[in-house]
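Have a look at the structure below, then the notes.
Just so we're on the same page: letters track the sequence lines, and every chain starts at 1. Values below: every heavy atom of this structure, side chains too, minus hydrogens, waters and symmetry copies.
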Number of protein chains: 2
Amino acid sequence: MNSKKMMTLAEIAKLAGVSESTASRALRDNPVINQQTRQKVQAIAAEHQFKVNATARNLRTQKSYTIAVIIAFDPKTQQAVSDPFLLELLGVIADELSRHGYDMLLSTSKTADKNWGHYYLDAKRADGLIIIGQGEHDPRIDALSQTKVPFVVWGGSNGEENYPVIGSDNRQGGRLAAEHLLSQGCRQLVFLGDIRHNEIEQRHLGMLDACQASGFASDAVQQLTCDFTAQAGYLQTQQHLFARLPELDGIFAASDAIAMGAMKALLEHNIAIPQQVALIGFDDIAMSAYCTPSLSTVKQNTQSGGKALVSQLLARMRGQQPLSEQLAVKLLCRQSSLRRL
Amino acid sequence: MNSKKMMTLAEIAKLAGVSESTASRALRDNPVINQQTRQKVQAIAAEHQFKVNATARNLRTQKSYTIAVIIAFDPKTQQAVSDPFLLELLGVIADELSRHGYDMLLSTSKTADKNWGHYYLDAKRADGLIIIGQGEHDPRIDALSQTKVPFVVWGGSNGEENYPVIGSDNRQGGRLAAEHLLSQGCRQLVFLGDIRHNEIEQRHLGMLDACQASGFASDAVQQLTCDFTAQAGYLQTQQHLFARLPELDGIFAASDAIAMGAMKALLEHNIAIPQQVALIGFDDIAMSAYCTPSLSTVKQNTQSGGKALVSQLLARMRGQQPLSEQLAVKLLCRQSSLRRL
DNA sequence: AGCGATACTGCAATCGATTGCAATAACTTA
DNA sequence: TAAGTTATTGCAATCGATTGCAGTATCGCT
């Protein structure tokens with residue numbers, strides 16, 4: 001006989017001839033319960049496919065074993081969720097959370113209440129928050145940090161946040177990218193990205209670092225604001241960069257998607273990549289190795305990123321002081337920037 | 001004075017000088033409560049940032065206002081979560097659910113218990129299930145359909161499922177793609193994809209439909225199994241398709257990612273696209289318009305897909321009979337297949 | 001004044017599991 | 001044999017909100 005109806009702990013207890021308390025303890029492997037009793041209860045529970053009612057347990061224990069992941073959307077482009085990079089990160093987080101026994105509640109900031117944070121935490125829907133992307137300096141995050149809500153953020157750090165930020169070492173990534181372009185002989189560089197985003201700003205700063213270290217005048221680097229899409233990269237390149245040719249000879253795009261848009265525009269205009277203009281992106285999304293020419297990029301480590309987010313959050317929930325982390329990035333030189341083979 | 005401590009309904013009631021029952025009704029806008037009382041309670045609740053404890057409400061009402069979304073993973077490639085197409089779909093689902101007042105619990109089948117379904121529903125973690133991708137005919141889905149669990153599936157239908165399936169009209173998509181290739185003069189076609197997946201099989205069948213309708217011998221179409229990644233597309237093309245040149249003159253890839261891999265291999269081999277080999281994909285992911293040559297494809301409508309999934313599931317939860325749906329697809333002709341401009 | 005109708009409000013049970021504390025049984029040890 | 005342990009188990013309160021039903025005013029109308 002299987003689950004004709006929904007089983008409750010009370011029914012299991014009755015079937016086993018014990019009290020609810022005993023049944024509960026038996027199922028949780030509480031050692032204070034007699035070995036035989038325990039096994040009997042567990043056997044009966046298994047036989048009837050009994051699953052503890054999570055809601056009831058959560059109410060009683062005042063925990064939800066759930067973490068809310070909030071993807072901060074750029075309301076203009078709605079880019080976030082369709083960015084391949086974020087999806088990868090999300091997958092890693094999902095796995096990590098379930099490895100630790102937590103469920104994952106997903107929401108987009110577009111979707112969520114104006115004050116997510118409260119929506120999830122005050123209503124005890126979730127025990128903690130992972131916020132992906134600060135966007136253009138979101139004041140709600142600062143507000144959250146004034147409370148005792150346990151949360152961590154994926155994004156860029158300028159060292160001034162009073163909340164834990166996990167992210168790639170974007171500045172170092174920017175340096176690596178720029179150094180590489182310079183090493184390939186580029187002398188007039190463009191940064192394509194929106195530096196109002198913290199992460200992007202760091203990448204840009206890293207680029208400036210590298211140029212200064214190499215003794216280039218600061219006007220050797222120009223910055224052009226650009227949304228996170230291939231389309232934006234394409235349009236910006238068409239509209240603003242062709243005019244700067246032929247002096248312009250190197251482009252560092254803030255993301256691979258942008259870079260692929262730029263690449264399209266350049267190729268349509270018959271600009272040789274990398275000979276006339278060298279191009280490098282950021283992220284290492286799956287496609288970047290498969291466009292033509294293949295796209296050089298700075299690879300973010302989603303695996304360790306997701307793991308760090310989860311472990312820092314859980315640490316914070318245990319009352320420990322969480323630390324911001326900057327994850328190492330890796331330069332991948334492919335055809336779009338390698339001039340001498 | 002704000003939320004120094006966690007507020008409960010009882011405290012709000014006390015502050016308002018009413019009973020818990022009245023407070024509860026007032027907050028839910030129950031018209032039986034006096035207008036003034038209602039407003040007073042609501043004002044006090046707002047002032048103290050009171051949020052109903054979702055766990056307690058869920059326990060009492062026996063609902064969770066949560067839908068679990070399960071992404072069926074291909075254990076070999078782990079492709080699912082990083083497929084840009086699925087991410088888009090996920091975003092739409094998230095928005096739709098929250099529009100209807102539901103939270104979204106996300107899990108991958110890799111992650112979830114062997115018997116997801118029971119994990120979520122028996123434990124009352126979720127009120128319903130959206131399963132994305134049947135994979136290679138997952139027996140667990142059949143098993144689920146024997147129970148009264150409310151769920152819907154995104155995937156391919158062969159008309160024989162005894163559960164509701166929402167998905168693109170893959171067969172029609174296959175027809176469109178093949179007809180297009182034939183119209184461009186292609187005479188030896190290859191289908192690149194794993195037909196053990198229901199959706200992919202339908203696309204393949206559609207391709208055969210078109211060829212038969214045009215009077216081609218069935219051996220004019222060859223099928224080559226290929227995982228869902230660009231890498232797989234690249235490798236399969238390299239290893240198996242070069243041998244079939246120059247007869248082979250048209251490739252229909254089961255996804256854009258595969259197509260982009262194939263494109264890379266062809267270009268490296270100096271095959272002219274579309275002159276020597278015309279290429280078309282499926283999905284219309286963001287990148288497909290931005291590779292060079294731009295990729296022709298069959299566009300799936302994620303927007304209406306996500307909406308249909310949610311509305312059918314909710315209908316089923318209300319006890320209505322849900323229907324399988326096949327969503328219209330749209331052929332997008334870009335450079336990779338357009339021979340005469 | 002009397003009586004039913006109407007409009008609110010509150011009591012108390014309930015959802016299903018967890019857990020502090022008390023109770024009982026069994027077993028030692030002096 | 002009595003007192004003291006130790007091993008198990010059960011009672012009952014609790015988590016926080018919802019809701020059926022009963023209770024109390026207030027009002028209208030004859």
Side-chain angles (χ1 to χ4, degrees), chain A residues 3 5-42 44-45 48-66 101 118 120-127, chain B residues 3 5-42 44-45 48-66 101 118 120-127:
Chain A
S3 60
K5 60 196 287 276
M6 190 55 67
M7 280 279 142
T8 69
L9 182 62
E11 309 183 66
I12 298 296
K14 190 177 302 174
L15 287 173
V18 300
S19 72
E20 286 185 52
S21 0
T22 301
S24 172
R25 294 190 175 104
L27 290 175
R28 315 194 89 205
D29 269 324
N30 188 322
V32 84
I33 297 295
N34 181 294
Q35 175 86 11
Q36 289 183 13
T37 316
R38 241 192 301 173
Q39 293 182 343
K40 180 172 181 190
V41 173
Q42 293 184 355
I44 291 180
H48 292 267
Q49 309 226 69
F50 171 74
K51 296 276 188 304
V52 176
N53 181 316
T55 308
R57 164 184 289 174
N58 293 347
L59 176 58
R60 178 59 226 246
T61 59
Q62 300 285 54
K63 301 188 59 172
S64 65
Y65 290 102
T66 298
H118 292 299
Y120 290 109
L121 276 299
D122 292 354
K124 289 269 190 331
R125 267 174 248 264
D127 299 333
Chain B
S3 60
K5 60 197 287 273
M6 190 56 65
M7 281 280 143
T8 70
L9 182 62
E11 310 183 64
I12 298 296
K14 190 177 302 173
L15 287 173
V18 299
S19 73
E20 285 185 54
S21 357
T22 301
S24 172
R25 294 189 176 106
L27 289 175
R28 314 195 90 205
D29 268 325
N30 188 323
V32 82
I33 297 295
N34 180 293
Q35 175 87 13
Q36 289 183 12
T37 316
R38 239 192 301 172
Q39 293 183 343
K40 179 172 179 190
V41 172
Q42 293 184 355
I44 292 180
H48 291 270
Q49 310 226 69
F50 171 73
K51 296 277 187 304
V52 175
N53 182 315
T55 308
R57 162 183 290 174
N58 293 347
L59 175 58
R60 178 58 226 247
T61 61
Q62 299 285 53
K63 302 188 58 172
S64 65
Y65 290 102
T66 298
H118 293 299
Y120 289 109
L121 292 163
D122 291 355
K124 289 271 193 323
R125 265 175 250 264
D127 299 333

Separation of K14(A) NZ from E20(A) CD (nearest 0.5 Å): 9.5 Å

Nearest-nucleotide comparison on DNA chain C, the residue closer to the 5′ end among T61(B) and A23(B): A23(B)

Quick one: on DNA chain C, does G17(B) or L9(A) contact a more 5' nucleotide (nearest heavy atom)? G17(B)

Rounding to a whole Å, what distance do you find between [X]:[atom1] and [N]:[atom2]?
{"X": "K51(A)", "N": "dG16(C)", "atom1": "NZ", "atom2": "P", "value": "17 Å"}
{"X": "L59(B)", "N": "dT19(D)", "atom1": "CG", "atom2": "C1'", "value": "14 Å"}
{"X": "K124(B)", "N": "dA17(D)", "atom1": "NZ", "atom2": "C1'", "value": "17 Å"}
{"X": "L27(B)", "N": "dT18(D)", "atom1": "CG", "atom2": "P", "value": "8 Å"}
{"X": "N58(A)", "N": "dT19(C)", "atom1": "CG", "atom2": "P", "value": "12 Å"}
{"X": "Q36(B)", "N": "dA7(C)", "atom1": "CD", "atom2": "P", "value": "16 Å"}
{"X": "E20(A)", "N": "dG20(C)", "atom1": "CD", "atom2": "P", "value": "17 Å"}
{"X": "R28(A)", "N": "dG20(C)", "atom1": "CZ", "atom2": "P", "value": "11 Å"}

Is S24(B) near enough to dT18(D) that one of its side-chain N or O atoms lies under 4.0 angstrom from OP1 or OP2? yes

When you check the phosphate oxygens OP1 and OP2 of dG16(D), does a side-chain N or O of Q62(A) lie under 4.0 Å from one of them? yes

Under 3.5 Å, which protein N or O atoms sit close to an N or O of nucleotides 7-9 of chain D? Give each pair with its distance.
residue, atom, partner, partner atom, Å
dT9(D), OP1, T37(A), OG1, 2.7
dT9(D), OP2, N34(A), N, 3.0
dT9(D), OP2, T37(A), OG1, 3.3

Take H48(B) and L15(B), measure what side chain to side chain contact (heavy atoms under 4.5 Å, CB included) needs, and give me the verdict at the end. CA-CA 10 Å; H48(B) 291 270; L15(B) 287 173; 3.7 Å; yes

Minimum heavy-atom separation for R125(A) and S64(A), please, with both atom names. O-OG, 3.4 Å

Is a donor-acceptor pair below 3.5 Å formed from side chain R60(B) to base dT14(C), judging by atom type as modelled? yes

Side-chain donor/acceptor of S21(A) to base of dC11(D), under 3.5 Å: yes

Within the distance-only criterion (no hydrogens, no angle test), does the side chain of [X] pair as donor or acceptor with the backbone N or O of [Y] below 3.5 angstrom?
{"X": "Q42(A)", "Y": "A26(A)", "result": "yes"}
{"X": "T55(B)", "Y": "T55(A)", "result": "no"}
{"X": "E11(B)", "Y": "T8(B)", "result": "yes"}

Any side-chain heavy atom of L27(B) within less than 4.5 Å of one from V41(B)? yes

